[in-house]
Amino acid sequence: MSDTASLTYGETTFPLNVLTGTEDEKALDVRQLRKESGLITYDDGYGNTGSCESSVTFIDGDKGILRYRGYDIAELAEKSNFLEVCLLLLNGELPSSQELAAFESKVSSFQNLPSEVLDSIQAMPSSVHPMGSLAAGLQALGGACPHLCTNDRNQDIANFDDAAALIIAALPALAAANYRKKAGESLRKPDASFNYCENFLSMMFEKDGDASINPALSKALDLIFLLHADHEQNCSTSTCRMIASGGANPFASLAGAVSALWGPLHGGANMAVINMLNDIHGSGDDGSKFIQSAKEGKSRLMGFGHRVYRNYDPRAKILKSACDKALAALGVSSPILDIARRLEEVALQDPYFIDRKLYPNVDFYSGIILQALGFPTNTFTVLFAIGRAPGWLAHWKEIAQTGKKIHRPRQIYQGSNLRSYISVENR
Ligand code: ACO
């Protein structure tokens, strides 16, 4: 029996195919619905809309599953690293040791950005937010490498491997350039003897004469990047795909994705966790009053709850133990961390949070680790963007290779009907 459903409207019944994904996700295929019935579907916020078929990432929010290209996130977190996961996402398969070494060396060599790109970061007002600077820096980078940024689909696909490696290499360098400009410090050049995360930490924080990076720090950062590398059709990834569907190059598509990630409901939640902890501390509360106000609906326990994960966030589970290890390695202790631990302990045993399936999400721990690593709060979302870049690029490639149509949703128009123009003196 073929899998079909039907929709009856008025006197007519319309058959609808049911598509089945490789993990048994079912979807009503409404592609012919408007043509056949004159009806469109309405799904404000796209919560029930499959916008594409994709083979990059699988999430089952009820079971707490996240897989990149079929590999479980916990196994990748334990055995892999960020640059290897970049290649997995970009190419669909784990790389051979030669492929990985070639990619690492390409990324390392690309970290020395063209001077005009770095100058463009310096030329921006100091008040520009790190996310605004990152989006603009990506556009400048594309402009400085016109052969990788043509808007000719075939050429952009042919040059995709170089463009992807360049973007992955450039994001930490762009972030560091913005940070050092704001701090009034001169730029620090990448060091080819450092790995990806060591280089980022060095370009951000090292002063002249400093020689080494604490491996526990660069390992914690690598894990944060790996855990953020993709999350299927979220707001910024859908934005990237939307821009790419119009034929735009990877640099423009990722600049749009960075802008979409910027918002507090998306990439900004890890900042909100730290702001909440600071507020609780500043008010002299040990967390108990805040929990009570969250239960009364007067505030939100930031870093708890997730639209998709209703059981637990698998990334948070991994990051919690990494967070404990990193803080121990750093010998960090602070009243803010004590409050975070107390909030977590109380909330996980409280029926309000248990009944609503509210568990710590990835942002609860990532904000705490990033603060302990010394990153200013306003750079947290930039770190999210660096981690998410391979996911955006994998989706750009998927759209470029398989997408046939420009993305263009419809709407239910609820505005004025036709009316006549009234000249300004008669209004
Ligand atoms: N603190 C207190 N109560 C909460 C919280 C929270 N963090 N989250 C949800 N609730 C309550 C709601 O008040 C509601 O209670 P009610 O049923 O008595 O009215 C119930 O739980 C369901 O909440 P919704 O808002 O319907 O859940 P939704 O799925 O829409 O929201 C969201 C998910 C936005 C993540 C929400 O849990 C939240 O605001 N969390 C805090 C912000 C945060 O950490 N965001 C990061 C998400 S992860 C990421 O983007 C990488």
Side-chain angles (χ1 to χ4, degrees), residues 43-48 57 59-62 64-66 68 73 77 131 223-239 257-280 285 287-320 323 339-340 342-371 377 380-389 391-392:
D43 183 20
D44 191 11
Y46 311 125
N48 294 291
T57 286
I59 297 176
D60 184 328
D62 293 327
I65 292 173
L66 168 61
Y68 299 158
I73 191 68
M131 288 296 276
L223 180 67
I224 289 177
F225 289 157
L226 184 154
L227 293 176
H228 284 86
D230 195 45
H231 215 233
E232 49 117 307
Q233 308 307 321
N234 57 85
C235 172
S236 55
T237 303
S238 300
T239 302
V258 166
S259 300
L261 185 71
W262 190 348
L265 297 184
H266 189 10
N270 50 14
M271 277 170 53
V273 169
I274 297 300
N275 292 337
M276 171 189 76
L277 294 175
N278 282 328
D279 287 350
I280 294 173
D285 178 17
S288 324
K289 284 191 200 139
F290 191 86
I291 291 270
Q292 192 51 38
S293 85
K295 286 163 63 173
E296 288 165 9
K298 293 179 188 151
S299 54
R300 285 234 148 173
L301 183 50
M302 300 311 286
F304 267 68
H306 196 280
R307 173 57 64 82
V308 177
Y309 296 118
R310 293 302 187 184
N311 191 338
Y312 64 93
D313 178 341
R315 303 164 301 171
K317 211 173 173 183
I318 298 162
L319 215 48
K320 177 180 163 44
C323 185
I339 291 170
R342 182 166 165 72
L343 288 175
E344 182 194 357
E345 198 183 299
V346 173
L348 287 175
Q349 292 169 8
D350 190 304
Y352 173 92
F353 294 92
I354 295 170
D355 292 350
R356 288 167 181 74
K357 302 189 173 191
L358 299 171
Y359 301 90
N361 60 50
V362 69
D363 290 319
F364 190 71
Y365 302 109
S366 68
I368 294 170
I369 300 187
L370 292 177
Q371 191 182 53
T377 319
F380 287 6
T381 319
V382 166
L383 278 105
F384 192 154
I386 296 171
R388 184 56 56 85
W392 291 330

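Indexing begins at 1, ligand by ligand and atom by atom, following the structure's order. Throughout, numbering of the chain's residues begins at 1 and tracks the sequence.
Among all non-hydrogen protein atoms, the one lying nearest atom 47 (C) of ligand 1 is Asn361 ND2, 3.6 Å. Distance from atom 30 (O) of ligand 1 to its nearest protein heavy atom, with residue and atom name: Arg307 NH2, 3.0 Å. The protein heavy atom nearest to atom 49 (C) of ligand 1 is Asp363 OD2, 3.3 Å. The nearest protein atom to atom 48 (S) of ligand 1, hydrogens excluded, is given as His306 CD2, 3.3 Å; this is a heavy-atom distance. Closest protein heavy atom to atom 21 (O) of ligand 1: Arg356 CD, 3.4 Å. Protein heavy atom closest to atom 5 (C) of ligand 1, with residue, atom name and distance, is Leu358 CD1, 3.8 Å. Of the protein's non-hydrogen atoms, Phe304 O, 2.8 Å is the one closest to atom 40 (N) of ligand 1. Among all protein heavy atoms, the one lying closest to atom 3 (N) of ligand 1 is Tyr352 OH, 3.0 Å.
Taking all atoms of both residues into account, the shortest heavy-atom contact from Asn234 to Arg388 is ND2-NH1, 3.2 Å. Closest approach of Tyr365 to Pro360, counting heavy atoms only: OH-CG, 3.5 Å.
Within a 4.0 Å radius of atom 19 (O) of ligand 1, the protein contributes no heavy atom. Checking atom 45 (N) of ligand 1 against the protein gives a heavy-atom contact under 4.0 Å.
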(request) Dump the intermediate steps for side-chain contact (heavy atoms from CB on, under 4.5 Å) on Thr381 and Met271, then the final yes or no. (result) CA-CA 7 Å; Thr381 319; Met271 277 170 53; 3.5 Å; yes
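Using a 4.0 Å cut-off between heavy atoms, Leu301 contacts ligand 1 through both its backbone and its side chain. When heavy-atom distances to ligand 1 are checked against a 4.0 Å cut-off, His266 comes that close only through its backbone atoms N, CA, C and O.
Of all atoms in ligand 1, listed by their number and element, those nearer than 4.0 Å to a heavy atom of Gly305 are 35 (C), 37 (O). Near Arg310, meaning under 4.0 Å from one of its heavy atoms, ligand 1 places the atoms 29 (O). Close contacts of ligand 1 with Gly303, meaning ligand atoms under 4.0 Å from a residue heavy atom, involve 43 (C), 44 (O).
Considering backbone and side-chain N/O atoms, Arg300 comes within less than 3.5 Å of an N/O atom of ligand 1.
Here the side chains of Phe380 and Ile274 are in contact, with some heavy-atom distance below 4.5 Å. Contact check for Tyr359 versus Asp313: no side-chain heavy atoms found under the 4.5 Å cut-off. Put simply, the side chain of Leu277 does not reach to within 4.5 Å of the side chain of Gln371, judged on heavy atoms. Between Leu383 and Ile224, every side-chain heavy-atom pair lies at or beyond the 4.5 Å cut-off. Two residues are said to be in side-chain contact when any heavy atoms from C-beta on lie closer than 4.5 Å; Leu348 and Phe353 fail this criterion.
Between His231 and His306, the two ring planes are perpendicular [angle over 60°; tilted spans 30° to 60°].
The closest approach between any non-hydrogen atom of Lys298 and ligand 1 is not below 4.0 Å. Residue contact check for ligand 1: Gly297 places no non-hydrogen atom closer than 4.0 Å to it.
In the model, Gln349 has no side-chain atom that pairs as donor or acceptor with a side-chain atom of Glu345 under 3.5 Å.
Environment of OH in Tyr352: crowded, with over 12 heavy atoms of neighbouring residues, nucleotides or ligands closer than 6.0 Å.
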